[in-house]
J.: 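My structure is below; once you've seen it, I'll send some questions.
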Amino acid sequence: KDVSQDALRELIATGTDVQSADFGGISLDGVDLSGKSFTGCNFSHATLTDVKLDKCRFRMCFFDFATLTRCSFVGSDIQFSCFAGVRVDDSSFENSDLLHDNFNGILASRTSFGDSDLYNSRFVMASLKDVSFRNCNLKKTMYYQTTRENVTFKSSNTREAIFGAGENPE
C-alpha cells in the first residue's frame, strides 16, 4: 500500500509495527522513526535526510537506490534487507545487527558500521570512502571488486571475510 507523507506521520505517531508499506520515492527530513519495526517495506528511491532509525527492526525491506544523508541506524536489527545502489553519506550503522543484507553497489562516504555484526552480508562492487568497519564481525561478508579509500577494518575478523583477488586489507 502506498503511504503518503501525512499517512507516514500518522504511522510514526501511533504505531510501532509497519508491514508491507510502500515508501518508494518518499522524501523525509528530520524525522525520528527510532524503535519502529518494519517488515516487507519498500524505501526504494527514497531520500532520507537527518532521519533517526535507531533501535529499529527491519526484515526484508528494500532501500534500493535510496539516498541516505546524515541518517542514524544505531543499535538496529536489519536482516535480509537490500541497500543495493544506495548513496549513503555521513551516516551510522554502529552497534547494529546487519545480517544477510545486500549492500552491493553502494556509494558510501563518511559512514561507520563500527561494532556491528555483518554476518553474510555483501558489498560487491561498492565504493567506500572514509568508511569504518572497526571491531565488526565480518564472517562470510563479501567484498568483491570494491573500491576503497581510507577504509578501516581495525579489530575486525577480516580473515573470515571474503575478498576478491588482491583486495584483502591485510
Side-chain angles (χ1 to χ4, degrees), residues 3 5 8-9 11-12 18 23-38 41-59 61-119 121-138 141-156 158 161 163 167 169:
V3 179
Q5 294 266 5
L8 176 61
R9 292 187 198 292
L11 271 172
I12 294 164
V18 182
F23 301 110
I26 200 166
S27 290
L28 296 175
D29 191 346
V31 176
D32 188 349
L33 297 170
S34 296
K36 306 291 183 195
S37 178
F38 298 91
C41 294
N42 175 28
F43 294 89
S44 296
H45 298 280
T47 301
L48 308 181
T49 306
D50 296 312
V51 175
K52 279 187 77 172
L53 294 149
D54 297 341
K55 295 185 165 105
C56 282
R57 180 183 185 273
F58 293 90
R59 290 295 183 278
C61 290
F62 298 89
F63 289 85
D64 305 61
F65 303 102
T67 300
L68 311 175
T69 307
R70 295 180 305 277
C71 291
S72 179
F73 291 82
V74 173
S76 289
D77 179 4
I78 306 172
Q79 297 184 33
F80 306 104
S81 293
C82 186
F83 291 82
V86 166
R87 178 177 197 91
V88 56
D89 297 299
D90 298 307
S91 296
S92 177
F93 291 84
E94 293 178 348
N95 297 303
S96 293
D97 287 332
L98 305 166
L99 311 176
H100 311 283
D101 292 324
N102 175 350
F103 294 95
N104 294 344
I106 69 164
L107 303 172
S109 63
R110 298 172 307 279
T111 293
S112 178
F113 293 88
D115 298 301
S116 291
D117 187 348
L118 289 150
Y119 177 80
S121 288
R122 294 164 307 291
F123 290 84
V124 176
M125 297 185 76
S127 178
L128 310 171
K129 182 178 179 184
D130 300 318
V131 174
S132 174
F133 293 97
R134 188 181 166 279
N135 197 36
C136 289
N137 175 25
L138 301 177
T141 302
M142 289 183 227
Y143 295 91
Y144 287 136
Q145 298 179 349
T146 56
T147 304
R148 297 191 310 261
E149 181 182 333
N150 195 31
V151 174
T152 182
F153 293 96
K154 185 175 181 173
S155 301
S156 294
T158 55
F163 289 89
E167 296 183 40

J.: Output yes when a side-chain donor or acceptor of Ser156 lies under 3.5 Å from a complementary backbone atom of Cys136, and no otherwise.
T.: yes
J.: Is a donor on one side and an acceptor on the other found under 3.5 Å between the side chain of Thr146 and the backbone of Tyr143?
T.: no
J.: Find the distance between CZ (Arg59) and CZ (Phe38) and round it off to the nearest 0.5 Å.
T.: 13.0 Å
J.: Going by the side-chain contact (heavy atoms from CB on, under 4.5 Å) test, name the single residue among Arg70, Arg110, Lys129 that passes it with Asp89.
T.: Arg110
J.: Is it true that a side-chain atom of Asp54 and a backbone atom of Ser34 form a donor plus acceptor pair closer than 3.5 Å?
T.: no
J.: Is there a side-chain contact between Asn104 and Met125 (heavy atoms, below 4.5 Å)?
T.: no
J.: Is the side chain of Asn135 donor-acceptor paired with the backbone N or O of Gly114 at a distance under 3.5 Å, no angle test?
T.: no
J.: Check whether Ser121 reaches the backbone of Leu98 with its side chain - one donor and one acceptor, N or O, closer than 3.5 Å.
T.: yes
J.: Could you tell me the separation between the CZ atom of Arg122 and the CD1 atom of Ile106, rounded to the nearest 0.5 Å?
T.: 12.5 Å
J.: Is a donor on one side and an acceptor on the other found under 3.5 Å between the side chain of Ser116 and the backbone of Phe113?
T.: yes
J.: With ring centroids as reference points, do Phe83 and Phe58 lie under 6.0 angstrom apart?
T.: no
J.: Main chain of Ser112, side chain of Ser132: is a donor-acceptor contact present, judged purely on distance under 3.5 Å?
T.: no
J.: Would you give the length of the straight line joining atom CZ of Phe93 to atom CG of Leu118, rounded to the nearest 0.5 angstrom?
T.: 10.0 Å
